[in-house]
Novice: 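Take a look at the following structure, please.
To find a chain, count down the sequence lines: A is the first, B the second, and so on, and within it residues start at 1.
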Protein chains: 2
Amino acid sequence: MPADPPGFELPLRLFLGFRMLIDELHVELARQGHPDMRPMHGFVLQAIGPEGTTAVELGRRLGVSKQAAGKTVDTLEHLGYVERRSDPGDARRKIVRLTERGVDSLARSARIFEDLRAGWARTLGEDRLRALESDLRAMTAGDVFRLDVPGWFGGY
Amino acid sequence: MPADPPGFELPLRLFLGFRMLIDELHVELARQGHPDMRPMHGFVLQAIGPEGTTAVELGRRLGVSKQAAGKTVDTLEHLGYVERRSDPGDARRKIVRLTERGVDSLARSARIFEDLRAGWARTLGEDRLRALESDLRAMTAGDVFRLDVPGWFGGY
DNA sequence: TAAGCTCGACAACACCATTGTCGAAACAGT
DNA sequence: ACTGTTTCGACAATGGTGTTGTCGAGCTTA
């Protein structure tokens, strides 16, 4: 009977799978008119959501400071994915909203992810893929957002 | 018949699984006398390997500049995980080698990863876990190292 | 009204990656 | 052996990203 795979293979493969999907997503996104999207942008746009949000709240969701969130919003605003509007009900707040272009990028991302998933299903079979998703869901239940990735992995 | 899971769930769960394992590893590593290890350090120590290597070669393996690799080596040297020695056969080279402490951290990491994998096996069953690993292996075949993570995800 | 909190902006700082340059050493071709 | 090219490690300069701290303006509540 074969020995168990070494323990370090599991996290490595999980990361490689993630990275492969994200890279393929962005290759295709670039082809479809969004060449400036960075991996993190999609997560930020998702975190902003259809209702819009503020820099402080966005920072909380992403696990970074409000200044960092504001900086990211600056970039996304400059790229045309979001816009800032004054909140008529609270003069302190400036609500960050998705533009049409921002919504388009999310819609295309969703479509591309479906296609990529279908590719996995062709290789693995739908049953195996569902089992894989189900098992991952079982092991990672909980907080889907928590994207304090900037600075999490790196760091001297 | 149930609808397919949305396509974006797969990459998200892959990342969450990776992150959960890495976080649990470092909690346990800290308990076992390595509180200063950062997620990236383990990968760097693995990339250095038992034979040692140079800053330039390390940078190539990790996909970063030689300067960045050198900086990381500085930190690991300061923490006592590696040491630099002059190459007697080539006066230009300074070979980075693991110290005893560096080897110890890798040995403990391997053991902890085995334990974490065993935890997954208890929840999912050994068969399902093997299937999961096998499927991930099938989808991500290839270059296991290529950790140009610094700057890959982030970026304004 | 007054005190306290929240929001967004600005400044200063730290960290980490980059490119470019340089001298020393090894190597390859003549 | 000499010379030109390549490789290595160090240094300097730069840019991007995140942090804390501070401030004024505006809500909120006692």
Side-chain angles (χ1 to χ4, degrees), chain A residues 19 36-45 47-49 51-79 81-97 146-156, chain B residues 36-44 47-48 51-79 81-97 145-156:
Chain A
R19 173 159 185 170
D36 295 324
M37 285 273 289
R38 307 275 299 116
M40 142 148 274
H41 292 164
F43 289 87
V44 174
L45 294 183
I48 290 172
E51 300 301 318
T53 183
T54 68
V56 169
E57 177 57 25
L58 183 59
R60 276 201 206 107
R61 286 186 203 167
L62 298 177
V64 299
S65 67
K66 61 185 180 179
Q67 290 85 343
K71 271 286 213 176
T72 302
V73 169
D74 285 345
T75 303
L76 287 172
E77 187 176 29
H78 186 258
L79 291 175
Y81 289 101
V82 303
E83 59 187 356
R84 285 185 228 241
R85 288 192 193 170
S86 294
D87 183 341
D90 187 337
R92 293 170 309 175
R93 291 157 53 97
K94 287 195 179 171
I95 300 181
V96 180
R97 288 190 176 282
R146 213 15 229 281
L147 267 297
D148 45 346
V149 177
W152 166 72
F153 192 86
Y156 276 155
Chain B
D36 295 324
M37 288 273 287
R38 306 274 300 116
M40 140 148 276
H41 293 164
F43 288 88
V44 175
I48 290 171
E51 302 299 320
T53 184
T54 67
V56 169
E57 177 57 26
L58 184 59
R60 275 201 205 106
R61 286 186 203 167
L62 298 177
V64 299
S65 67
K66 60 185 180 179
Q67 290 86 341
K71 267 290 210 176
T72 302
V73 169
D74 286 345
T75 303
L76 288 172
E77 187 177 29
H78 186 258
L79 291 174
Y81 289 101
V82 303
E83 59 186 359
R84 284 184 228 243
R85 289 190 193 170
S86 293
D87 184 340
D90 186 336
R92 293 170 306 175
R93 291 156 52 95
K94 287 193 178 170
I95 300 183
V96 180
R97 286 189 177 284
F145 278 114
R146 217 9 233 281
L147 265 298
D148 45 346
V149 177
W152 167 71
F153 192 86
Y156 275 154

Novice: Check the distance between dG16(D)'s P and R38(A)'s CZ and give it to me in whole angstrom.
Specialist: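 Rounding to the nearest Å, CZ of R38(A) and P of dG16(D) are 13 Å apart.
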Novice: Nearest to the side chain of S65(A), heavy atoms from C-beta on, is which of dT19(D), dT6(D), dA9(C)?
Specialist: dT19(D)
Novice: Starting at atom CD1 of I95(B), determine the distance to atom P of dA26(C), rounded to an integer number of angstrom.
Specialist: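 Taking CD1 of I95(B) and P of dA26(C), I get 13 Å after rounding.
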Novice: How long is the line joining CD of Q67(B) and P of dG9(D), in whole Å?
Specialist: 11 Å
Novice: Rounded to the Å, how far apart are L58(B) CG and dC8(D) P?
Specialist: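 So the two atoms are 12 Å apart, to the nearest Å.
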Novice: Picking from dT7(D), dA25(D), dA10(D), which would you name as closest to the side chain of R92(B)?
Specialist: dT7(D)
Novice: Does K66(B) put a side-chain nitrogen or oxygen below 4.0 Å from OP1 or OP2 of dA10(D)?
Specialist: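 Checking dA10(D) against K66(B), no side-chain N or O comes under 4.0 Å of OP1 or OP2.
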Novice: Grab the CG-P distance between D74(A) and dG16(D) for me, whole Å please.
Specialist: 13 Å
Novice: Please name the pair of heavy atoms, one in A69(B) and one in A55(B), separated by the smallest distance, quoted to 0.1 Å.
Specialist: CB-O, 3.6 Å
Novice: Quick check for you: among dG8(C), dG18(D), dA17(C), whose closest atom lies nearest to any side-chain atom of K94(A)?
Specialist: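 From the listed options, dG8(C) comes nearest.
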Novice: Heavy atoms from C-beta onward define the side chain here; which of dA26(C), dG8(C), dT19(D) lies closest to that of A55(A)?
Specialist: dG8(C)
Novice: What's the CZ-P distance between R93(B) and dA25(C), to the nearest Å?
Specialist: 16 Å
Novice: Just by distance, do the side chain of R93(B) and the backbone of D87(B) share a donor-acceptor pair under 3.5 Å?
Specialist: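 Checked: no pair found.
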Novice: I need the CG-C1' distance between L62(B) and dT18(C), as an integer number of Å.
Specialist: 16 Å
Novice: For V96(B), run the side-chain contact (heavy atoms from CB on, under 4.5 Å) check against I48(B), L58(B), V44(B) and tell me which one passes.
Specialist: I48(B)
Novice: Looking only at non-hydrogen atoms, find the nearest pair between L76(B) and H41(B) and report the distance.
Specialist: CD2-CG, 3.7 Å
Novice: Is it the case that the side chain of R97(A) and the backbone of R84(A) share a donor-acceptor pair, with hydrogens and angles ignored and the cut-off at 3.5 Å?
Specialist: no
Novice: For dC8(D), does OP1 or OP2 lie under 4.0 Å from any side-chain N or O of R60(B)?
Specialist: yes
Novice: Without decimals, in angstroms, what is the distance between K71(B) NZ and dT19(C) P?
Specialist: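 So the two atoms are 17 Å apart, to the nearest Å.
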